[in-house]
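So the structure is just underneath, and the comments pick up after that.
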Amino acid sequence: IGNSTKTLFAKSEGIGYLGYGDVLAEYDSYVRLRPYLRMPRVRLLNRDKQDRSLVVQNIVGIPFSQLLANGSMEEFQNAFRGFTADLVAMWRSTARPLAEDELVQGCNLRLNCLAVIEDLRSDSTVKEMLNKQLFINGKEYESLAKLLENSETFLQNNKEPIMSYAHGDELLQNIISTPGAASEYMAIDPRNAAAGYYTPAQSADFLIGFALLFNYEWGPSEVKIYDDHIEITYGVSEEFKDKDKIMRELFVEFVQKLETLGKIEKDMLREYLFANLARSYIDKFMPGNLFTPHHEIRQFV
C-alpha cells in the first residue's frame with residue numbers, strides 16, 4: 001500500500017436507509033470491526049456537532065467486483081479466501097446466543113423472508129404460476145407453491161442458535177484486494193454494525209446473494225408458460241463460464257466454513273438466499289431472478 005495510505009477522503013452527515021449516511025454509526029462500526037477484519041483507519045470530526053464528518057484512510061487496491069469483471073481471478077481468489085477466513089474467525093470470536101431483539105434494526109432476515117413469501121403469493125404475476133410444475137433447464141422441480149410452503153414451514157420452525165458481529169454490507173465492491181498485505185484485502189463501508197448483531201447465515205447471504213444478483217453475468221433466458229407447467233431455460237454468459245466455475249468453488253468453500261458453526265446455519269442460508277433472490281424478482285432488480293439463481297444456489301448450498 002505504501003505512502004498512499006496517508007491519503008484521506010471524508011464523508012459528510014446525511015442519514016440514509018438503515019444507517020447509510022450516518023457517519024457516527026459508520027465510525028463506530030469501523031471501530032467495532034477493526035480488531036477482526038482488515039479495515040482502513042478512520043477519524044470522526046466534530047462528533048457532537050451536526051456538521052460532523054468521517055475521515056477514512058484511502059486504500060490502494062482493486063475492488064473484488066472489478067477483479068471479477070476484469071477476469072483477474074487468481075488475485076480475486078487469494079483476496080476472497082483471506083476475507084472469508086477473517087469473517088468466519090470473527091463470527092466465532094463474537095458469537096453469543098441469539099436474541100432477535102438485538103439484531104440490527106430491520107435485519108431480522110428470518111422474519112423478512114417470511115414477509116417476502118407472503119408478498120410473492122400476492123404478486124399478480126406469480127399467482128398465475130404458483131401451482132404449475134417447474135422444469136428448469138430440463139430438470140423437473142416442485143411447483144412454486146410447494147417451494148414457498150416448504151420454505152415458510154422451515155423458517156417458522158427454525159432459528160439460528162447464535163448471532164455475531166458482521167460487516168453488514170458484504171458487497172464485492174466493498175472489499176478491496178491489497179496484494180502483499182496481510183490477508184490481501186481491506187473491507188470498507190460497514191453497514192451500521194455498531195447498532196447490534198447479525199447472524200453468520202445473514203452475513204453469508206449478503207456476500208453470496210449480492211454477488212449472484214449484481215456481479216454475475218447472466219446470458220439470455222427463456223420462460224415458457226403452459227397450462228400445467230412452466231419451462232425455464234437460462235445460463236451464465238459464455239464469457240462468464242470460467243469465472244462461474246471458480247466462483248462456485250469459492251462459494252462451496254465458504255459455505256463449508258459456515259457449516260462448521262452448525263448445519264442449521266447452512267440450512268438457514270439456503271432459505272435466506274431463496275427469499276432474497278425471490279424478493280429481487282418482485283422489486284424488478286433483474287428479470288428472471290425468481291427462478292434461475294435459486295436453481296444456482298442449490299448447486300452449492
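Atom CG of Asp242 has 12 or fewer neighbouring heavy atoms from other residues, nucleotides or ligands inside a 6.0 Å radius. Other residues, nucleotides and ligands contribute at most 12 non-hydrogen atoms within 6.0 Å of the CD atom of Glu238. Residue Glu74 qualifies as open at atom CD: its count of foreign heavy atoms under 6.0 Å is 12 or below.
Rounding to the nearest 0.5 angstrom, the gap separating the CZ atom in Arg38 from the CD1 atom in Ile188 is 13.0 Å. Separation of atoms SG (Cys113) and CD (Glu271) is listed at 8.5 Å; rounding is to 0.5 Å. Interatomic distance, Leu98 CG to Lys159 NZ, rounded to the nearest 0.5 Å: 6.5 Å. Atoms CG and CD1, on Asn137 and Ile232 in that order, are 9.0 Å from each other to the nearest 0.5 Å. For the atom pair OG1 (Thr84) and CG (Leu207), the distance works out to 7.5 Å, reported to the nearest 0.5 Å. Atoms CG and CG, on Leu114 and Leu148 in that order, are 11.0 Å from each other to the nearest 0.5 Å.
In this structure a side-chain-to-backbone donor-acceptor pair under 3.5 Å is missing from Asn70 to Ser72. Of the possible donor and acceptor atoms, one in the side chain of Lys243 sits under 3.5 Å from a partner among the backbone N and O of Ala69. Looking at Asn157, its side chain does come within 3.5 Å of a backbone N or O of Thr153 through a donor-acceptor pair. Remark: side-chain polar atoms of Gln202 are paired, donor with acceptor, to backbone N or O of Cys107 under 3.5 angstrom. Of the possible donor and acceptor atoms, none in the side chain of Arg41 sits under 3.5 Å from a partner among the backbone N and O of Gln57. Between the Asn112 side chain and the Gly106 main chain, a donor and an acceptor come within less than 3.5 Å of each other. No donor-acceptor pair closer than 3.5 Å links the side chain of Glu222 to the backbone N or O of Pro220.
By the 6.0 Å and 45° rule, Arg248 does not stack over the aromatic ring of Phe254.
Looking at heavy atoms from C-beta onward, Leu103 lies in side-chain contact with Thr199 at the 4.5 angstrom threshold. A 4.5 Å side-chain heavy-atom check between Met73 and Leu68 finds at least one atom pair inside the cut-off. Looking only at side-chain heavy atoms (C-beta outward), Phe154 and Glu152 stay at 4.5 Å or farther from each other. Side-chain contact between Leu250 and Phe76 is present, with heavy atoms from C-beta onward closer than 4.5 Å. The closest side-chain heavy-atom distance from Ser143 to Leu134 is not below 4.5 Å. Contact check for Tyr198 versus Ser164: no side-chain heavy atoms found under the 4.5 Å cut-off. Put simply, the side chain of Asp169 reaches to within 4.5 Å of the side chain of His167, judged on heavy atoms. Between Leu144 and Lys132 the shortest side-chain heavy-atom distance does not fall below 4.5 Å.
The two residues Met39 and Leu33 have their closest heavy-atom pair at SD-CB, 3.5 Å. Here the closest heavy-atom approach between residue Pro35 and residue Arg32 is recorded as CD-O, 3.4 Å. Here the closest heavy-atom approach between residue Leu172 and residue Ala211 is recorded as CD1-CB, 4.1 Å. Taking each heavy atom of Pro161 and Glu265 in turn, the nearest pair found is CD-OE2, 3.7 Å. Shown here for Ala187 and Tyr30, the closest heavy-atom pair between the two residues is O-CE2, 4.3 Å. Contact record, Ala201 with Leu258: N-CD1, 4.1 Å, taken as the closest heavy-atom pair.
Between Tyr226 and His229, the ring planes lie parallel to each other; the angle is under 30°, not in the 30° to 60° tilted range. Classified by interplanar angle (parallel below 30°, tilted 30° to 60°, perpendicular above 60°), the ring pair Phe64/Phe83 is perpendicular. Aromatic ring orientation, Tyr36 versus Tyr165: perpendicular (interplanar angle above 60°, classes split at 30° and 60°). Ring geometry for Phe206 against Phe210 counts as parallel: the plane angle stays under 30°, on a 0 to 90° scale with 60° as the upper cut.
The pair Arg81-Glu184 does not meet the salt-bridge criterion, since no charged nitrogen lies less than 4.0 angstrom from a carboxylate oxygen.
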* **Step-by-step side-chain contact (heavy atoms from CB on, under 4.5 Å) determination, Arg191 to Ser29** => CA-CA 7 Å; Arg191 183 169 179 173; Ser29 297; over 6 Å; no

* For Trp91 and Leu87, run side-chain contact (heavy atoms from CB on, under 4.5 Å): C-alpha distance rounded to whole Å, both residues' side-chain angles, the deciding distance at 0.1 Å, then the answer. => CA-CA 6 Å; Trp91 294 342; Leu87 190 63; 3.7 Å; yes

* To do: Check step by step if side-chain contact (heavy atoms from CB on, under 4.5 Å) holds for Phe135 and Tyr141.
  => CA-CA 6 Å; Phe135 291 85; Tyr141 290 83; over 6 Å; no

* How far apart are the C-alpha atoms of Thr260 and Arg92, what are their side-chain angles, what is the distance that settles it, and do they pass the side-chain hydrogen bond (donor to acceptor under 3.5 Å, both in side chains) test? -> CA-CA 10 Å; Thr260 62; Arg92 291 187 177 281; 2.6 Å; yes

* Might you work through the side-chain contact (heavy atoms from CB on, under 4.5 Å) test for Gln173 and Asn215, ending with a clear yes or no? => CA-CA 9 Å; Gln173 54 262 43; Asn215 303 111; 4.2 Å; yes

* Apply the test salt bridge (Lys or Arg N to Asp or Glu O under 4.0 Å) to residues Lys263 and Asp267: give CA-CA distance (whole Å), side-chain angles for both, the deciding distance (0.1 Å), then the verdict. => CA-CA 6 Å; Lys263 184 178 182 302; Asp267 294 338; 3.0 Å; yes

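Using modelled atom types, one finds a donor on one side chain and an acceptor on the other under 3.5 Å when comparing Asn150 with Glu142. Under the 3.5 Å distance criterion, with hydrogens and angles disregarded, a donor-acceptor pair is assigned to the side chains of Tyr185 and Asp86. For the residue pair Glu75/Ser177, the side-chain donor-acceptor check at 3.5 Å is satisfied. In the model, Arg270 has no side-chain atom that pairs as donor or acceptor with a side-chain atom of Ser151 under 3.5 Å.
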